[in-house]
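These figures come from a predicted structure and were not determined experimentally. The figures that follow rest on heavy atoms only: side chains count, while hydrogens, waters and symmetry mates do not.
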Amino acid sequence: MIVGICFVVLLAVGMPIGFAIGLAGVIGIFSMGGGTTFLAIGPSKIFNGLNIFPFLAMPFFILAGEIMNSTGITGRLVKLAEVLVGRFRGGLAHTNMLASVFFAGLTGSATADAAAFGRTLVPAMVKQGYKRDYACAVTAAGSIIGPTIPPSGLMVVYGSLMGVSIGGLFAAGLLPGLVICAVCMGVIAIGGKRENLPKADRGATLGEIWQTFLSSITALLMPVIILGGILGGIVTPTEAASIAVAYALFIGFFVYRTLSFPDLYAMLVRTASITGVIFVIIAFAGILGWWMSFERIPQAIAGSVLGLSENPYAVIAIIICILLVVGMVMDITAILIILGPVLVPLTEQIGLEPIHAGIIFVLALNISLMTPPVGACLFVLSSVTGEKLERISVKLAPFLIAEVIILFLFAFWEDAALMLPRALGFAP
């Protein structure tokens, strides 16, 4: 109890979450009389928490996304999406959603997508007559496609910590990401007249579509290289990430010629900053996890949940609700590291396939990125566009409900969740 109280208090006074996690773990270890032992073993626990080879993929994927964002790729992908779906009512809203699919293969980050489209597509939508709160809501709803369709940093963390095939998780994320896009476009179409969404005067010709596709093909090849290499068993996720960086550098310096060495330095700094925040959380979460294992907290929680019901669907629903509720007030990487060792054993006890359990965790935590009051994507869009967070949240409600339904669909329908991983040999 004292550890939980200390953790909440530290967060309330503004301590960064990584340090709050670590200090709460230290307090827990000392409270059970393990002070001297901790001083000797603690540093090695912190180091071992990061000494996992697949973690190398994360900074490479982040850097590749930074490079591709700075080469003018965003505009090309948005233009491609616009010529494909811009002819419909609410065409720019549909464009926003489809562009999120294209963009997903470059960054794998919801906040990066929200920031990029918040600066580009939201102003363009407002200029065409969309309400700004609605434009922000569409952007937030589409932003979670980024970390669902691979590459996904959250999948790398989950697979590394839980010993689950990262390639299998990547394969499992493809279909849910595409379904989220399709369903959200359906929500846009249904609400088109109610929101008085504008309609394009004419659609693009086949020639315009072909020319735009050709100008975007170098960007579209990047996810093909990453996914083709990983899912085909040619390279590991870490190797694919390093290849992605090399490809992005080649495109930036020699094809588009929009990249300079000062730009590259700034990207390296941002990559180091983002990676550092994530790795500090992972490192210090090892201390908290160490204390939790001593106190047998995962076993106690598992026993309590199974005491409520042993029905697999009920247990899955409880896990999802826990993740969504906690995700409303806490960083998703920290949630995964803290609650993963607690909740994953529950999925094992009810016979859930590890990749299926992983995609449930990833989808639930991604959705929590756009739930108030602490949804990271909402804060990014609010700060970038100046729109009030509560107004965005109201317009976001239909999209949020639709995405939660999709989450439960893939959680309860194992064959749909594992269709691609099984076809590619990642799951039995």
Heavy-atom closest contact ([X] atom, [Y] atom, distance):
{"X": "Asn96", "Y": "Ala135", "value": "ND2-O, 4.3 Å"}
{"X": "Ser165", "Y": "Phe426", "value": "OG-CD2, 3.4 Å"}
{"X": "Thr271", "Y": "Pro59", "value": "CG2-O, 3.4 Å"}
{"X": "Ile166", "Y": "Met155", "value": "CG1-O, 4.3 Å"}
{"X": "Cys184", "Y": "Ala141", "value": "SG-CB, 4.4 Å"}
{"X": "Met419", "Y": "Leu175", "value": "CE-CD2, 3.6 Å"}

Is it true that atom [atom1] of [X] has more than 12 heavy atoms of other residues, nucleotides or ligands lying nearer than 6.0 Å?
{"X": "Arg422", "atom1": "CZ", "value": "yes"}
{"X": "Phe213", "atom1": "CZ", "value": "no"}
{"X": "Phe60", "atom1": "CZ", "value": "no"}
{"X": "Lys79", "atom1": "NZ", "value": "no"}

Kindly indicate, with the supporting measurements, whether the criterion side chain to side chain contact (heavy atoms under 4.5 Å, CB included) is fulfilled by Leu346 and Leu343.
-> CA-CA 5 Å; Leu346 269 174; Leu343 299 177; 4.1 Å; yes

| So do the side chains of Ile230 and Thr236 get within less than 4.5 Å of each other, counting heavy atoms only? | no

| said: If you apply the rule side chain to side chain contact (heavy atoms under 4.5 Å, CB included), what do you find for Phe117 with Ser100, and how did you get there? | reply: CA-CA 9 Å; Phe117 292 157; Ser100 295; 3.5 Å; yes

In this structure, CZ of Phe412 is separated from CD1 of Ile320 (nearest 0.5 Å) by 5.5 Å

Can you classify the ring geometry of Tyr134 versus Phe399 as parallel (below 30°), tilted (30 to 60°) or perpendicular (above 60°)?
tilted

_With no hydrogens and no angle check, just 3.5 Å: does a side-chain donor-acceptor pair link Tyr256 and Thr218?_
yes

- Step by step, would you call Met370 with Leu396 a side chain to side chain contact (heavy atoms under 4.5 Å, CB included)? CA-CA 8 Å; Met370 61 176 202; Leu396 187 60; 3.9 Å; yes

Is there a donor-acceptor contact under 3.5 Å from the side chain of Ser273 to the main chain of Arg270? no

**Message:** With side chain to side chain contact (heavy atoms under 4.5 Å, CB included) as the criterion, how do Phe361 and Leu154 come out once you've worked through the C-alpha distance, each side chain's angles and the decisive distance to 0.1 Å?
**Reply:** CA-CA 9 Å; Phe361 272 74; Leu154 199 62; over 6 Å; no

